[in-house]
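Heads up, the thing below is written out as structure tokens.
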Amino acid sequence: MAEPQVPILVAVAWPYASGSRHLGHLAGAYLPADVFARFQRLAGNRVLMVSGSDVHGTPITVRADAEGVTPAEIADRYHAEFLDAWERLAISWDCYTSTGTENHAAVTHDIFLRLLEKGYIDRRTSDQFYDAEADRFLPDRYIEGTCPHCGYAEARGDQCEDCGRTLDPEELVDPRSKITGAEPEVRSTEHFYLRLSDFEESLGSWLDSREGWRRHVLNFSKGWIEEGLQDRAITRDLDWGVAVPVDDLGPGKRIYVWFEAVIGYLSAAKEWAQRQGDSEAWRDWWEGDDARSVYFIGKDNIPFHTIIWPAMLSGYGGLNLPTDVPANQYLTFKGGKASASRGVGLTIGEGLRLFEPDGLRYALAASLPEQSDTDISVEEIVRRINEELIATWGNLVNRVLSMVHARCDGAVPEPGDRTDADTELVADVDAALVSAADQIDRVELRAALRTAMEAAAGVNAYLNATEPWKLAETDPDRARVVLGTALDAVNGVRVAFTPYLPFSSAALEEVIGPVDAWRRPELSPGMPIGKPPPLFAKVDVEELFADDDGEPG
RNA sequence: GGCGACGUAGCUCAGCUGGUGAGAGCGCCCGACUCAUAAUCGGGAGGUCGACAGUUCGAAUCUGUCCGUCGCUACCA
């Protein structure tokens, strides 16, 4: 477990404001980041959790063109949708912004200019397709043609959606512009390139020295290095994006989205600092030797966070490289990769319509694809909520509070004379908190949640063994001691659930007091305990499947 | 095609720096209990750890080949 007061940057993948995000995104990045951040705060560390909507990039302009609106309208629409989702899920951002801010452009320009000055960025000329009718260069996605592999007539310049193969636009048979339908011509264009190859050696040894990283993350990243790093263009012929801070290239060029999106972590930290009224406050997380930075992303984002962003950071100089990138694998829905565009799985909004937020958070946290792709379904979410969360934890809270209310004069009893078994139960709970802390700190969030559930099951077993409902008739004093012990145990177990279940945890705080650190809080004897309402509502399967078309998702 | 990950009980997964009898949750069966959201607790059945070959005294764990699934393949980010 980390020493107290460590600055921890919780950097979370920037959701792409080109459409609704789905439960795979939630389980891949936002939920694990939130659990980790909530834990670290309780553990006494200084957490800065940042992200924002990525509002640039081709899919947004493609969608805007298709709908006949501006890219900004698309970005605004989904940015608002994301904000609403975060609020309903209680994702505890310190700063959630977007890449559309002036601050972000300024930070991007600072990094760009420094890298340019230090020679890590240079200019090169390349040939690219041009639509003379529309008077603009065409990104690969804006070129359509016949796939040379399968003959599909609507293949895109980057990929054929029919056979799934990756394409180069010049491979297309009968290429045409998606904008005007005109046959594109080849023109030379000048762009800035990031000299990634300059960092091949230093990044290689940096990766070799990483410890505790997930195997697939490390292997994948090293694989990139071994294949040889290629310099990458970081500007595009676009009119939607962050402006290029030098005018050498002339108009119609923008910084390409992948280069500026990762800079968002830094610009969001700076934006947060400005809002705090101390514009230098971000430095603790980015420059401190003791600071940690943990990046929560899906596996498709690995090279950007283990290769490209570290290259940019080390080229810039003086800023901390990622401490860990615990990228998740994919959440699959009945075997298929979740994809909002292909209609596989549930969007976050759909998930929130079907389930209460804590239930959804629990089910996803218990299924996080930490080591391998994990398959989930609506039925599985229901099972997790009803058979695990409610049966073991919700019911435990309810049975203990109900008995304390009924058998202890509706108040927290005095500890009294506890037996060895009594003190052992509470000691086991305290030990579980230590284990869970260690697991969460290592970003083993499924395991930590299991630790919490096992602790809850231990309290259930204690109750079955001691049978306080019988003692209440035969030995009321002993019954009060047992129930006080069980209440103390519940009081400890809830701490382990707090990062995962913010809503029900807050409800429980109303009853037995606040959780303000990663330890079992003191209970105040005499504190009144009313008749408790259930912490969670059971999911009614009949009702769920009776919804609209009978298909829950 | 290349690269990476994965393939372990009915389901979802852990274990994989090689070594006491292969695990967990849920489901299923039996029993206990009835305070509690028909919840809980105990016990049990159930797997030749994808296939084949190899290394080793010993492999789910290492190596090779094959089969299958998923992802990436640098203009999605």
Side-chain angles (χ1 to χ4, degrees), chain A residues 13-16 18 54 56-60 62 128-129 138-143 156-159 165-169 196 214-224 226-227 229-233 236 256-259 261-262 297-305 307-308 329-330 332 335-337 341 366-377 379-380 383-384 386-388 390-392 394-407 444 446-447 450 453-454 456-457 459-465 467-472 479 483 486 532-538:
Chain A
W14 290 54
Y16 207 13
S18 62
D54 180 353
H56 298 134
T58 338
I60 290 176
V62 168
Q128 195 161 342
F129 282 113
L138 296 168
D140 290 0
R141 285 201 165 202
Y142 275 84
I143 300 162
R156 292 195 318 237
D158 59 340
Q159 187 182 43
R165 276 181 229 250
T166 311
L167 301 175
D168 284 325
L196 270 181
R214 292 183 182 170
R215 178 167 43 184
H216 71 274
V217 176
L218 213 44
N219 286 350
F220 191 85
S221 307
K222 287 180 178 176
W224 258 54
E226 280 163 23
E227 283 178 34
L229 292 183
Q230 295 172 28
D231 301 337
R232 283 175 72 120
R236 295 280 93 160
Y256 188 36
V257 62
W258 66 259
F259 180 83
V262 286
I297 60 168
K299 66 177 166 184
D300 51 339
N301 254 319
I302 289 173
F304 287 89
H305 293 79
I307 307 277
I308 295 176
Q329 309 259 9
Y330 287 135
T332 59
K337 184 196 171 190
S341 59
S367 306
L368 292 178
E370 293 177 333
Q371 302 297 337
S372 56
D373 290 355
T374 296
D375 200 59
I376 204 169
S377 61
E379 294 87 337
E380 175 74 0
R383 186 193 69 72
R384 290 281 193 192
N386 284 352
E387 310 304 326
E388 295 183 10
I390 296 179
T392 302
N395 181 59
L396 171 65
V397 171
N398 194 239
R399 73 194 291 213
V400 169
L401 291 181
S402 295
M403 276 193 282
V404 169
H405 170 71
R407 309 288 189 179
E444 294 170 7
R446 280 176 78 147
R450 185 98 287 280
M453 286 302 270
E454 281 168 6
V459 184
N460 274 321
Y462 168 84
L463 288 172
N464 284 36
E467 300 185 310
W469 53 92
K470 285 184 182 170
L471 290 172
L483 289 174
L535 233 38
F536 313 99
K538 250 193 161 173

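Keep in mind that what you see is a predicted model, and the values were worked out from it rather than measured. Per chain, numbering begins at 1; letters A, B, ... match sequence-line order.
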What contact category does A:A457 fall into here, base, sugar-phosphate, or nothing, at under 4.0 angstrom with non-hydrogen atoms?
sugar-phosphate
Base of B:rA39, side chain of A:N395 - is there a donor-acceptor contact under 3.5 Å?
no
Side-chain donor or acceptor of A:N464 under 3.5 Å from a matching atom on the base of B:rU40?
yes
Rounded to whole Å, the CG-P distance (A:D54 to B:rC76) equals 14 Å
Assign A:E388 to base, sugar-phosphate, or nothing according to its heavy-atom contacts below 4.0 angstrom with the strands shown.
sugar-phosphate
Chi angles and distances behind the salt bridge (Lys or Arg N to Asp or Glu O under 4.0 Å) call for A:R383, A:E387:
CA-CA 5 Å; A:R383 186 193 69 72; A:E387 310 304 326; over 6 Å; no
In the structure shown, which nucleotide is the Watson-Crick or G-U wobble counterpart of B:rC13, with both distances under 3.5 Å?
B:rG23
A:T374 or A:N398, whichever maps to the more 5' nucleotide of RNA chain B
A:T374
Could you label the plane-to-plane angle of the A:W258 and A:Y256 rings as parallel, tilted or perpendicular, counting under 30° as parallel and over 60° as perpendicular?
perpendicular
If I take atom CH2 in residue A:W469 and atom C1' in nucleotide B:rA32, what distance separates them, rounded to the nearest angstrom?
11 Å
Counting any heavy atom closer than 4.0 Å, what does A:W224 reach on the DNA or RNA strands: base, sugar-phosphate only, or nothing?
base
Describe the nucleic acid contact of A:Q128 in one word from base, sugar-phosphate, nothing, applying a heavy-atom distance below 4.0 Å.
base
As its Watson-Crick or G-U partner within any shown strand, both distances under 3.5 Å, B:rG68 has B:rC6
Taking it one step at a time, do A:T374 and A:R446 satisfy side chain to side chain contact (heavy atoms under 4.5 Å, CB included)?
CA-CA 12 Å; A:T374 296; A:R446 280 176 78 147; 3.5 Å; yes
Using a cut-off of 4.0 Å on non-hydrogen atoms, how would the nucleic acid contact of A:F304 be classed: base, sugar-phosphate, or nothing?
base
